[in-house]
Number of protein chains: 2
Amino acid sequence: MTIRVLVADDQEAAREALRLILDGEPDIDVIATAADGAEAVHRALLRRPDVVVMDLRMPGMDGIAAIGRLAAAESAPRVLALTTFDLDEYLFGALRAGAAGFLLKDSDPDVLIAAIRELHQGRGLIDPQVTGRLISRFAALSPRPATSELDLLTPREHHVLRLLARGLSNGEIATACTIEEGTVKTHVNRILTKLGLRTRVHAAIYAHEHGIVTREMP
Amino acid sequence: MTIRVLVADDQEAAREALRLILDGEPDIDVIATAADGAEAVHRALLRRPDVVVMDLRMPGMDGIAAIGRLAAAESAPRVLALTTFDLDEYLFGALRAGAAGFLLKDSDPDVLIAAIRELHQGRGLIDPQVTGRLISRFAALSPRPATSELDLLTPREHHVLRLLARGLSNGEIATACTIEEGTVKTHVNRILTKLGLRTRVHAAIYAHEHGIVTREMP
DNA sequence: CCAGTCGTCCACCTTTCGATAGATCTGCGG
DNA sequence: CCGCAGATCTATCGAAAGGTGGACGACTGG
């Protein structure tokens, strides 16, 4: 079973080079090409390739926007983002948009071919040259390991903080806990004191940055 | 210049196997081993290896906790997390704690060796088998593509929201903008109306979740 | 030109918040 | 048993925050 590939790159030469490399493989079939993002989306929806090799820097609708469109589609193809320029914005933007793989253009043809096979297997792939930055960014985005002054809070205070961080007023928290509003105020006060904060807004921000809040997925 | 490596694994056999594999390389030198997290941290601080190969599942202080300690240290070594069990918790936990690389134990010795060299070069490395999940999680964690009701806000309102989301009071915002507090209240009100929110706490949360806030690094 | 819209600004009044003081209640060691 | 510490609860009062109405200039299309 051959892997159906669509190649999107604004440069004629690059498209042909990619086609040559990929069509040399028995299990890979380049079924279409595109010269900009809009064309890539259009043809991908029409031809339903398994994998889209997408240059990120293209005129008109750029690669990242195109990836976003494709990712939103039904039976979305696996997208391999390809770029000459190693910019954070490209890397993170492409992954955020829904790319399954990211490669720099100076990679060997073998690597590119292997990457397409990986993607087709359902796996992801990141260029080793940029893996470090992805890891760093990931760590920075992730909630902290709960090693903080949060342990100073009593269970009640912790609960109140959670509700506060969802935007509930003191009165609403009181109702939710079946206690008086005055009591809630005390709890909020102790929370602020213990955490060294000034207002409930700070507390809400603190809670979110420490990953206390269970973000609901609608 | 040889790469100084510390191997941490609770199983004697695994430690010896790793030592054998790694000491076979001319540019790699296993300078110490450890049988649990605490020992790994202690010896790493003492011997200052370039790379720590850390099993994640260990008695006592586990690997992830140990990685956290090491990452907090000065001249922290690069940590390669190793695990038999491919659990999300291990992968994300290790990276969050500060690991520079993540490999499953069924990897070839060659891959392990190559990984250590990659880490020593300052790059990161993720086992291809789990790269896909890292990408998905990353995409889920990343702020949305800024396609929101935020565009409804005037420049002034946008600025006020930024300050509000840092925890400034109306009075402080007024001072910062050299306008009256009453004016700030109007802006806040319009922000709440436009974004469909109820209180400034909601606005602060909203701003953070949409990545408006430039988090300062002190 | 002028009516309408939009952004910015300010003041008044009500509700909510935040700081403070103190009342119960519970668990723990002497 | 007693005292003490900490958690939980309540009440009061000055300070913010939030809702509302309206003024003023700038820009826009008849």
Side-chain angles (χ1 to χ4, degrees), chain A residues 146-214, chain B residues 146-216:
Chain A
T147 160
S148 47
E149 312 113 304
L150 278 173
D151 304 335
L152 296 177
L153 301 185
T154 68
R156 198 51 141 185
E157 288 161 356
H158 205 273
H159 188 219
V160 169
L161 176 56
R162 241 202 301 274
L163 297 176
L164 188 162
R166 278 208 174 83
L168 300 207
S169 70
N170 289 338
E172 290 165 337
I173 295 174
T175 303
C177 298
T178 50
I179 55 180
E180 288 307 305
E181 181 174 339
T183 309
V184 175
K185 293 185 179 184
T186 305
H187 290 316
V188 171
N189 234 288
R190 300 187 75 89
I191 291 169
L192 296 181
T193 305
K194 286 185 178 177
L195 301 182
L197 306 170
R198 270 175 44 232
T199 75
R200 68 198 295 105
V201 176
H202 290 116
I205 295 168
Y206 180 99
H208 274 261
E209 287 185 346
H210 288 73
I212 289 185
V213 184
T214 331
Chain B
T147 159
S148 48
E149 312 112 303
L150 277 173
D151 305 335
L152 296 176
L153 300 185
T154 68
R156 198 49 145 188
E157 289 161 354
H158 206 272
H159 187 219
V160 168
L161 176 56
R162 243 202 301 272
L163 298 177
L164 188 163
R166 279 210 175 85
L168 300 205
S169 69
N170 289 338
E172 290 165 337
I173 296 174
T175 304
C177 299
T178 49
I179 56 180
E180 288 307 306
E181 181 174 337
T183 309
V184 174
K185 291 185 180 184
T186 305
H187 289 316
V188 171
N189 234 289
R190 300 187 77 90
I191 291 169
L192 296 180
T193 303
K194 286 185 179 178
L195 300 182
L197 305 171
R198 271 175 43 231
T199 74
R200 67 196 297 104
V201 176
H202 290 118
I205 294 168
Y206 181 98
H208 275 261
E209 287 185 344
H210 288 72
I212 289 184
V213 185
T214 331
R215 205 179 309 180
E216 67 278 41

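Convention: sequence-line order gives letters A, B, ...; per-chain numbering from 1.
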When you measure from the side-chain N and O atoms of A:T199 to the phosphate of C:dC17, is any distance below 4.0 Å, counting only OP1 and OP2? no

Bounds of contact between DNA chain D and chain A, in 5' to 3' order, using a heavy-atom cut-off under 4.0 Å: D:dA7 to D:dA11

C:dC17, OP1 or OP2 - any side-chain N/O from A:N170 closer than 4.0 Å? yes

Which atoms of nucleotides 10-14 of chain C (N or O only) lie under 3.5 Å from a protein N or O atom, and what are those distances?
unit_1: C:dC10; atom_1: OP2; unit_2: B:E180; atom_2: N; d: 2.8
unit_1: C:dC10; atom_1: OP2; unit_2: B:T183; atom_2: OG1; d: 2.8
unit_1: C:dC10; atom_1: N4; unit_2: B:T186; atom_2: OG1; d: 2.4

Return the set of residues passing side-chain contact (heavy atoms from CB on, under 4.5 Å) with B:T183 (not counting sequence neighbours), or none when no residue passes. B:I179, B:E180, B:H187

Could you pull out all residues at least two apart from A:L192 that satisfy side-chain contact (heavy atoms from CB on, under 4.5 Å)? A:V188, A:L197, A:A203

Would you say A:N189 places a side-chain N or O within less than 4.0 Å of OP1 or OP2 belonging to C:dG18? no

Measure from CG on A:L192 to P on C:dG18 and round the result to the nearest Å. 6 Å

Under 4.0 Å: is that the gap between some side-chain N or O of A:R198 and OP1 or OP2 of C:dG18? no

Apply side-chain contact (heavy atoms from CB on, under 4.5 Å) to A:T175 and list each qualifying residue two or more places apart in sequence or on a separate chain. none

State which residues pass salt bridge (charged side-chain N to carboxylate O under 4.0 Å, His left out) with B:R190; sequence neighbours excluded, sorted by chain then number. B:E157

Hits for side-chain contact (heavy atoms from CB on, under 4.5 Å) against A:T199, two or more places apart or cross-chain, chain-then-number order -> A:V201, A:H202

